[in-house]
Amino acid sequence: RRGLASPGRGAASSPLSAPTPPLQPMLINMPARCPTLPCAVIEGVPNTTCVITGEVVVGGDCTFESSYHEVIIEGSVSCLIDPDNPPCTLTINATERVELRGDAIVRATTVEIIAGKALLIDANASVLVNSSVWHRLSLARPPGPSGGGGHGGVGSPCTGVTQGGEAYGDGTNPNLVTVGSPGLGADLRVGGPGGGLIRLNAPTLDIRGLLSADGGAGYTDAGGGAGGGVVLRSVLLTGSGTISARGGIGG
């Protein structure tokens, strides 16, 4: 009853610059459109650098387009993720560098981060799209009555079911890597949610923290969600972090 996993991989380590001192958090509730970055005003930080220090929550698809040379996230930037909200895509851009420092978290159904020169995910920082695709958004849910969600391959069947959700996508083609599907439970109960999609694009990627696109666990007699996708585009990939897109366990 486990949703099918999508493979991930780790990488070698490299030095990390000293973190900045802790800053006072700020809470900004953003609507679906986000025309500007909520940057903190910090003495000594150049106006070409945007530092996000607290919790930023957006209500839907959001693209932080910016002319900043550097975007530093020390708090969290996230979309609302639950069965009552549509899938959410969160995009963050910088002309030179993006850094997730300390315990920074970026969470959505799909997260895309683009940096002109380098992108750093610090050792305790995370990009999370795990358990973010729900039953009503399913791409390849099992035929019923229960089973694991499909993605890169057929999801695992439950008792009395010939197969789980159908396979789709192509792990060898970055343009076709997408989100995982939810599992299904008996009596049409919702199974585990599928994993979302992470896309990171920079000439140098330093991944020391966590990239998670795991599917969620199913409830009683319900299949787990399929793992989602992680796409990394870079010339140089370093770091000793964790990249995961596992399927969720069945109930």
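No hydrogens, no waters, no symmetry mates; every other heavy atom, side chains included, goes into these values.
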V51 side chain reached by E70 side chain, heavy atoms, under 4.5 Å | no
Apart from L128 itself, residues in the same hydrophobic cluster as defined by side-chain heavy atoms under 4.5 Å | I105, L210
Listed partners of T95 passing side chain to side chain donor-acceptor pair (under 3.5 Å), at least two apart = H69
Would you say R107's side chain and S132's backbone share a donor-acceptor pair under 3.5 angstrom?
-> no
To the nearest 0.5 Å, how far apart are CG in D214 and CZ in R246?
-> 4.5 Å
Find out if the SG atoms belonging to C79 and C88 lie under 2.5 Å from one another.
-> yes
Validation: residues 223-237 side-chain donor-acceptor distances under 3.5 Å, sequence neighbours left out:
{"residue": "R233", "atom": "NH2", "partner": "N175", "partner atom": "OD1", "Å": "3.3"}

Apply side chain to side chain contact (heavy atoms under 4.5 Å, CB included) to T91 and list each qualifying residue two or more places apart in sequence or on a separate chain.
-> T63, T89, N93, E112
Do F64 and V77 pass the side chain to side chain contact (heavy atoms under 4.5 Å, CB included) test, and can you show the C-alpha distance, the side-chain angles, and the key distance before you say yes or no?
-> CA-CA 11 Å; F64 287 117; V77 181; 3.8 Å; yes
Contact check, side chains of L211 and L200, non-hydrogen atoms, under 4.5 Å = yes
State the CG-CD1 distance between L90 and I113, to the nearest 0.5 angstrom.
-> 8.0 Å
Under the side chain to side chain contact (heavy atoms under 4.5 Å, CB included) test, residues paired with A125 that sit two or more places apart = L100, A104, I121, D122
For L176, what are the other residues in its hydrophobic cluster, where any two members join if their side-chain heavy atoms are less than 4.5 angstrom apart?
-> none
Considering only heavy atoms from C-beta outward, does the side chain of V133 approach that of T109 to under 4.5 Å?
-> yes
Could you walk me through whether Y68 and C39 pass side chain to side chain contact (heavy atoms under 4.5 Å, CB included), step by step?
-> CA-CA 10 Å; Y68 290 101; C39 306; 3.6 Å; yes
